[in-house]
Amino acid sequence: KLLIVVHIRQIICSSLLFSVPEELEPDTLVGSLSKNFSPPYQLLPHKYLRMDINTGNFYTTELKMDREAICPAEKKAEECVTLYNAIVGPSKDLIQFSVIIEDINDNVPHFENNKIRLGVPEDTTVGTSFLLDTQALDSDTGPNGEVQYHLKGSDGAFGLKIEEDSSLIMLVVERTLDRETRDLFQMQLVATDCGVDPLSVSADLIVTVTDVNDNCPAFSSDSPHSVTIPGDSQKNTVVTQVRATDPDLGPNGDIIYSLSPKVSERVKTLFSLDSLTGSISLTRDLESDNSEELVLKVLASGHHCPPADTQVTISVLPKADQELTIKIGFIAEHQNQTMVLQENQHPTALAVLELEGDSIFKDLFLVIEGEVPFTLSPQNGKYLLSTSKPLDYEMDREHHISVVARLRSAEGSVIVPSRRVVTVLVADINDNVPYFAQPHYEIQVEENNQPGMSLLQISASDADSGENGMVTYRLENYNPTMFSIDSVTGQLSLLVPLDREQQNVHRFTVFAQDSGSPPLESMATVSIHVRDQNDNPPVFLTPHFIFFIPENVPTLSQVGKVEVKDPDKGENGTTELYVVNSSAPFVVDNTQGMLRTTRNLDRETEDRYELYLLASDHGQRVSLTSTARVTIFVEDINDNQPKVILPGSNSSCLTVSPGTLAGATVGKIYAIDEDSGLNSEITYSATAPEPLQNRSPFRIDSRSGNITLSQQLLHTDLGMHHLFIVVRDGGKPVPLYTTVWMNLLVNDTTEPCHLDRAPTWTGTLNLVQTPSKEPICDVETARFSQLILLIGLGMMLVSTCLFVATVICCLKQRSTSLKMN
């Protein structure tokens, strides 16, 4: 039967299954053991659940359950099952039950790479698929962990095809691509789980349309078809530049320019064509006094393409009789034909320019070559040179303005061989603040560092020149005894050892100031995070813990909380407690910092325990430790009955002389109790009805147990007296007791007294507080008197019968005698 019961209990325990969603708030009811087991209940220490000792209900703790953290190996399995142990019932049975942690949709899908790049040739056929080497992962399970994909921002050019249970993601070309129309598609690959409240994540999908050679060169519409040059143009003068384009990229778009073989020999002699740029230049000086027109046919060739062609007509004008010159009159400050202008000034007039000299050309005018921040304004046949915007010293410290003369003609403007270069120097002013390339510096330093340690180099630059750009550094009103900075180099140093436990982060501001007038400054912030060292041992709340615990408490009962702190951080501040060098029945529950019993305690065996606790941290290099003394006093409970020492047994007997004086001590009851306090205080009482107690010649002292003679013994007191004594302790709420017989023989004999058998108690069994109503003693002399009385009565009866018989006989004899006479 016992085996059957054990088997049934195992079946019940193994079938106890509870379910709970993950991430529940603290103190949420998970389930109860009350339907299967009786109280009390004790859940063996666990960080995720706590149990009510009376109801068997168990609840979530402050530490939330994370299914993916608790069951990482089974995070895609159907169930995450955790096992718990509990002690239940009065017999303290150890049972085990299971809790299934149900998944909720608390994890967003994630891509290992959130930026996906792919190249697709522009001549790819519609319907072609490309494998995307990525996949979104979701730590949840079931529908919460199933991922679906869609594409955003494809503009109909691409679609998705998912194969093999969402493990292969294919990008499908859905329309014809043209790199020259659009060469880049920036899309988003969106992954969404299938939870009730779906969560999504996206990765950037960047598709570059790569070039193929599907275009040929063509001359641009703005490519010149005619140009006019003076007859005295010099060698290497660039006459014009033809322009052809090919929309393809790289080698596919390379263009080679060449002259047609059909051009005249004079053209070949006078002009050269740059095959890469299309520039047409003079190969020698022109000395032409007559006008002429020269026709050039230019070809533009590409890879695997027929050449494109264009025609350029060059008109040569007769050379001028007298050289033209450009005269300059300075308005701004100048030195050695060079003007000096401060930066940041509003548009300013610099000089007046004038074209001098006879020329056969009409409609000559001056222009500035290139893109420069200057303008020329016609002023009554002259030109005013001015700045078009404020100059910036830091952008360009020196400007060279090239002014040339041009001729207006029907074919366009023509460069006349007359040029003047004007130089403008820009003077610096202090208009730039020092610039920190890094506005915030962050560094980690291990505590207990060496004094004078260099931390980092602070650096700021100033685009100004001279003293305007000379930078010095200073700290903002921070503790000068702790940090310092070199005012010239910006080297930041640490003057004293840091202590993380006093301050774990130091933040201050560094100012960089230039030497301009007035000076300009900027600032950067510095954060110094102090890394922890294992430099603090664990510290107990007190060096000596004193606890009190009742004896006979269940195993693993709480003795008391042992508080220990370690100001270090992380593993350096994580402590464990151990009981050292002791066989005492105690252990430390490190999850709660609680000292617990490992077996039942018996105060009568040992009423006090002295032990030492060792606290050790988890420092990586060296663990630091400290100790504390613990004294545990075992408090008494009333678990021991009084033990009678005297008399030695219920058959013991004492002889009392009939001549003993009243008040004399004739015997003693002596008992002990191994408990302490009230539980060990003993009282003695004789149990009997009140009338009989008053007639008894013996009395017992409730405290001392002494039996005394309350009155002078009478003849009727002779014989054996059996006293039934109850010995009680003072335990609360119910005292414990034991009983003993005290046998007293009132007799003149001096022979030892002994009973063959112990007397038998015939009264009530409830002797804890109520005295029995049975006789206090059983006196042998009374029995004798009753026997003598019975004998006497019997003898009197026999005598009466004999007397009656004698009288009858006498009467019969007398009657006979009378008849005879």
Side-chain angles (χ1 to χ4, degrees), residues 26-27 30 33 37 39-65 69-70 82-89 91-97 99 537-566 568 570-602 606 608-619 623-635:
D27 299 320
V30 177
L33 299 180
F37 303 100
Y41 309 91
Q42 181 182 357
L43 181 68
L44 295 187
H46 203 280
K47 56 186 176 181
Y48 293 112
L49 296 178
R50 65 172 183 83
M51 183 173 289
D52 189 292
I53 191 171
N54 297 315
T55 65
N57 295 342
F58 50 97
Y59 306 85
T60 56
T61 63
E62 294 291 335
L63 184 60
K64 292 185 178 181
M65 293 183 179
I70 296 173
T82 56
L83 299 178
Y84 294 84
N85 295 311
I87 298 174
V88 299
S91 58
K92 295 181 172 45
D93 295 325
L94 179 65
I95 63 123
Q96 189 175 72
F97 62 94
V99 175
V539 178
F540 285 95
L541 186 63
T542 175
H544 186 193
F545 292 90
I546 299 176
F547 299 115
F548 295 86
I549 184 171
E551 61 178 330
N552 295 337
V553 293
T555 302
L556 296 179
S557 292
Q558 296 181 357
V559 178
K561 190 172 182 63
V562 181
E563 292 191 35
V564 62
K565 295 183 179 180
D566 192 322
D568 290 324
E571 290 296 307
N572 295 333
T574 302
T575 59
E576 274 193 73
L577 297 172
Y578 307 92
V579 178
V580 293
N581 300 329
S582 175
S583 58
F586 301 99
V587 69
V588 179
D589 177 1
N590 278 291
T591 60
Q592 299 179 358
M594 187 69 65
L595 191 64
R596 297 179 181 270
T597 61
T598 57
R599 59 175 170 81
N600 286 341
L601 305 179
D602 185 5
E606 191 160 1
R608 171 177 174 170
Y609 293 90
E610 293 280 349
L611 52 95
Y612 284 88
L613 294 181
L614 176 72
S616 174
D617 61 29
H618 289 183
S623 294
L624 302 181
T625 61
S626 61
T627 59
R629 178 185 169 196
V630 179
T631 301
I632 301 169
F633 292 97
V634 182
E635 296 177 316

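The structure presented is a predicted model; accordingly, all values stated were derived computationally and were not measured.
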Donor-acceptor pair, distance only, cut-off 3.5 Å: does the side chain of [X] make one with the backbone of [Y]?
| X | Y | answer |
| --- | --- | --- |
| T631 | E610 | no |
| T575 | K565 | no |
| T625 | A615 | no |
| S557 | T597 | no |
| N590 | L577 | yes |
| K47 | T61 | no |

Checklist line | Evaluation steps, side-chain contact (heavy atoms from CB on, under 4.5 Å), between D52 and Y41 | finding: CA-CA 7 Å; D52 189 292; Y41 309 91; over 6 Å; no
If you take all heavy atoms of [X] and [Y], which pair is closest and at what distance?
| X | Y | result |
| --- | --- | --- |
| L33 | A86 | CD1-CB, 4.2 Å |
| P538 | S626 | O-OG, 2.6 Å |
| I549 | Q558 | CD1-O, 4.0 Å |
| L613 | L595 | CD2-CD1, 4.4 Å |
| L601 | P585 | CD2-CG, 3.5 Å |
| T555 | R599 | OG1-CA, 3.8 Å |

Atom [atom1] of [X] and atom [atom2] of [Y]: how far apart are they, to the nearest 0.5 Å?
| X | Y | atom1 | atom2 | answer |
| --- | --- | --- | --- | --- |
| M594 | T591 | CE | OG1 | 9.0 Å |
| M51 | L44 | CE | CG | 9.5 Å |
| L556 | T598 | CG | OG1 | 8.0 Å |
| Q96 | L83 | CD | CG | 4.5 Å |
| K561 | D589 | NZ | CG | 9.0 Å |
| I87 | I53 | CD1 | CD1 | 10.5 Å |

Note to self: Set out, in order, the CA-CA distance, both residues' side-chain angles and the distance that settles side-chain contact (heavy atoms from CB on, under 4.5 Å) for N572 and D566, then state yes or no.
What the structure shows: CA-CA 8 Å; N572 295 333; D566 192 322; 5.9 Å; no
Next item on the list: Evaluate side-chain contact (heavy atoms from CB on, under 4.5 Å) for V99 paired with T82, printing each intermediate quantity in order.
Entry: CA-CA 5 Å; V99 175; T82 56; 3.8 Å; yes
Taking the inter-plane angle between the rings of [X] and [Y] on a 0 to 90° scale, is it parallel (under 30°), tilted (30 to 60°) or perpendicular (over 60°)?
| X | Y | result |
| --- | --- | --- |
| Y84 | F97 | parallel |
| Y609 | F586 | perpendicular |
| F547 | F545 | parallel |

Next item on the list: Inspect the surroundings of OH in Y612 and state if more than 12 heavy atoms from other residues, nucleotides or ligands are less than 6.0 Å away.
Entry: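 No, not enclosed.
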Check: Does CG in D27 sit with more than 12 non-hydrogen atoms of other residues, nucleotides or ligands closer than 6.0 Å?
Finding: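 Yes, because the 6.0 Å sphere around CG of D27 holds more than 12 heavy atoms from other groups.
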Note to self: Working note: V553 + V559, criterion side-chain contact (heavy atoms from CB on, under 4.5 Å); need CA distance, chi angles, decisive distance, verdict.
What the structure shows: CA-CA 10 Å; V553 293; V559 178; over 6 Å; no
